[in-house]
**Student:** 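Here it is, the structure, as structure tokens.
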Amino acid sequence: MSDIKKTKIVTPQSLGLPKSGEMSGSEAIIKMLLAHGVKTVFGYPGGAIMPFYDALFDYQKELHHVLVRHEQGAAHAAEGYANASGEVGVCIATSGPGATNLVTGIADAMMDSVPMVAITGQVVSPLLGTDAFQETDVIGITIPITKWNCQMTDPKDIPYMMAKAFYVARHGRPGPVVVDITKDAQINTFDWKDIDFKIKPQKHYAQRYSDAKLQRAADLINAAERPLLLVGHGVLIGDACHETCQFMEKGNIPAAATYLGLSAVPTDHPLYMGMLGMHGNYAPNILTNEADLIIGLGMRFDDRVTGNLKHYAIKAKIIHIEIDPAEVGKIIKPTVSLIGEAKDVLTELLPLLENKDRSAWLARFSEGKKKELETVIESAIHPKEGALRTSEVINLLSELTNHNAVVVSDVGQQQMMTARYYQFKKPRSYVGSGGLGTMGYALPAAIGAAFAIKDRPVLAIIGDGGFQMTIQELGTIAQEKLSVKIVIMNNNYLGMVRQWQELFFAKRYSATPMHNPNFVKICEGYGIESMKVSERSQIKSAIEKMLSTPGAFCLEVAVETEQNVWPMVPAGASVSDIRLK
């Protein structure tokens, strides 16, 4: 399995340690981080994690610590780093409120299968369970939102547990791990003689299908007249983008992406039909119920993709290709399931695939694309009058970055506009919060992405509401001298909630209008160059200035206050009930 091949097997010998000697628990943590290739960590110090930070002082050249302004920012930065790079992100916090401030980011990583190791300090072991100052039950709190967690009170356990943490975070379906370490375990020393911390590869996620099942799937695909491939996050996680395109091309199979599957297939690929879901593209949504075969690839049939389950894929057989057996049959019962990594399964399926003429089926998608272009897209990206629209700004950002940026989006209307109107040409070009839908995600996640990606621009596209949730991370961007380009889409509303209030609550705008500060002055207060535009004649030159300015830049764009995101599948409706206006 490819996930086992990329897992680093760490032994005392591979760390270059002598046969015996004393080491503090804190130094052991650092040694294990370095052994797993970690070069950057995101964190915030405090009392219970202070011994680790003291040890870190001697390793500043080997391990770069990014001081965030809030622990939630550390977790999201670790997510952004992991999503952009494919490596494990690491965040660090102290006990009590430091650890609980990581919880939102940990939950976000769990929902979106992001490999992350969160290290938290804890009160000294004699005080555990006494409600000591800044003690919280981090293990109890994070059990539901982690793949695995552990608490260490003995320094000699640190090497093995750290090695296991990285293995679990990476292995199979990735996810977050929490390692809680008491202060005395960080301070005390141990002799690493006879310490065995080699992690044996497990086979929990090994391939689970027979040759007969593989052939049955191939037969269904070859016999289908109207197949539709649903490309999910697992394609990116499993590095299966190339194989996915080969699969599409050999079978002439149209494909659509889930939100987290964006950028797995280039948006200009002739067989790519757009995004699925509530605000996805018209053709793949409406034709889901015309398909005679749905192939779910590295995706979990989320409710935003399926709509009303009673009316989902009503004419289709289902093939589900998924690494996590817990997801198979949980929402949609498949006709055939192939449990394994997307790359491995596709590699075995490709020789069995027939090249078929599906031009009539593909023509149906062309019709749907044309209808959406005329009804929605053309006016969204090339409006002839009125205020600036978020959609036209995103379209222009895509063009002026040559569709080459790593785009980090917050949650809300600008998120859906970004997903719809930025043209992704390379894998891992889009970083966003999917399952949890966390406002405030983008600014710290862009920090992580900027450390992961050095040769492409990093854009953080954020609404005025989400920006203010983690606005303090401007300080981190300034201190680290990062070249993050921030675009604030300011409509003075919590836009997505307002849209629902307009459409389903008789325009009763309860708690959605926002009185915003002067964002330009705030950014300038952090030493970040900034400007605001509100006229269509200004936007192109403003974006060009932002992109050409060295270092960080914040561009505030005053956009139409009541622009809605179309198309839209109303909550509880069938995907074929998608509305264009």
Side-chain angles (χ1 to χ4, degrees), residues 24-26 28-30 32-33 41-56 65-79 88-112 114-155 157-158 161-162 164-166 168-169 175-188 433 436 438-441 444 469-470 472-473:
S24 72
S26 293
I29 298 169
I30 294 170
M32 295 307 292
L33 290 172
V41 296
F42 307 91
Y44 203 96
I49 196 68
M50 204 174 297
F52 167 83
Y53 276 89
D54 181 64
L56 185 63
H65 179 272
V66 179
L67 178 63
V68 296
R69 297 314 190 254
H70 188 284
E71 291 90 351
Q72 182 179 347
H76 291 324
E79 285 188 275
V88 177
V90 178
C91 57
I92 301 166
T94 192
S95 63
T100 58
N101 282 343
L102 292 177
V103 165
T104 296
I106 295 168
D108 194 278
M110 187 66 177
M111 289 285 281
D112 289 352
V114 180
M116 183 168 80
V117 171
I119 301 170
T120 56
Q122 185 55 274
V123 299
V124 294
S125 51
L127 293 180
L128 289 171
T130 68
D131 294 328
F133 176 68
Q134 290 195 333
E135 181 193 5
T136 55
D137 180 7
V138 177
I139 299 302
I141 289 169
T142 60
I143 283 173
I145 55 169
T146 53
K147 279 188 73 179
W148 177 70
N149 63 16
C150 68
Q151 184 177 81
M152 285 171 276
T153 60
D154 190 328
D157 295 332
I158 288 174
M161 292 300 194
M162 287 293 295
K164 183 173 180 179
F166 275 89
V168 172
V177 170
V178 167
V179 179
D180 192 47
I181 310 173
T182 61
K183 191 172 183 178
D184 51 326
Q186 298 170 53
I187 295 170
N188 293 338
S433 171
L436 201 63
T438 305
M439 289 181 68
Y441 172 89
M469 286 193 169
T470 50
Q472 68 277 356
E473 298 308 332

**Student:** Tell me, with the steps shown, if M161 and W148 meet side-chain contact (heavy atoms from CB on, under 4.5 Å).
**Tutor:** CA-CA 11 Å; M161 292 300 194; W148 177 70; 3.7 Å; yes
**Student:** Please examine the side chains of F133 and V123, heavy atoms only from C-beta on, and report whether any two atoms are closer than 4.5 Å.
**Tutor:** no
**Student:** Might you point out which heavy atoms bring P126 and T130 nearest each other, and give the distance in Å?
**Tutor:** O-CG2, 4.3 Å
**Student:** Only pairs at least two apart or in different chains count here, so list each side chain to side chain donor-acceptor pair (under 3.5 Å) that has a residue in residues 118-127.
**Tutor:** T120-D180, Q122-D180, S125-D184
**Student:** Rounded to the nearest 0.5 Å, what's the gap from CG on N149 to CD1 on I143? Could you check?
**Tutor:** 5.5 Å
**Student:** With side-chain contact (heavy atoms from CB on, under 4.5 Å) as the criterion, how do Q151 and V138 come out once you've worked through the C-alpha distance, each side chain's angles and the decisive distance to 0.1 Å?
**Tutor:** CA-CA 9 Å; Q151 184 177 81; V138 177; over 6 Å; no
**Student:** With sequence neighbours excluded, what pairs up with N101 under the side-chain hydrogen bond (donor to acceptor under 3.5 Å, both in side chains) test?
**Tutor:** E71
**Student:** Given 3.5 Å as the limit, does a donor-acceptor pair link the side chain of E473 with the main chain of V68, or not?
**Tutor:** no
**Student:** Do I49 and Q186 come close enough that some side-chain heavy atom pair is under 4.5 Å?
**Tutor:** yes
**Student:** Would you give the length of the straight line joining atom OG of S24 to atom CD1 of I29, rounded to the nearest 0.5 angstrom?
**Tutor:** 8.0 Å
**Student:** Listed by chain and number, what are the side-chain hydrogen bond (donor to acceptor under 3.5 Å, both in side chains) partners of D112, not counting sequence neighbours?
**Tutor:** none
**Student:** How would you list, by chain and number, every residue that makes a side-chain hydrogen bond (donor to acceptor under 3.5 Å, both in side chains) with H65, sequence neighbours excluded?
**Tutor:** Y53
**Student:** With heavy-atom distances below 4.5 Å as the criterion, would you say the side chains of I92 and Y44 are in contact?
**Tutor:** no
**Student:** With T470, which residues qualify under side-chain hydrogen bond (donor to acceptor under 3.5 Å, both in side chains), at least two apart?
**Tutor:** none
**Student:** Just to verify, what does D154 make a salt bridge (charged side-chain N to carboxylate O under 4.0 Å, His left out) with, not counting sequence neighbours?
**Tutor:** K156
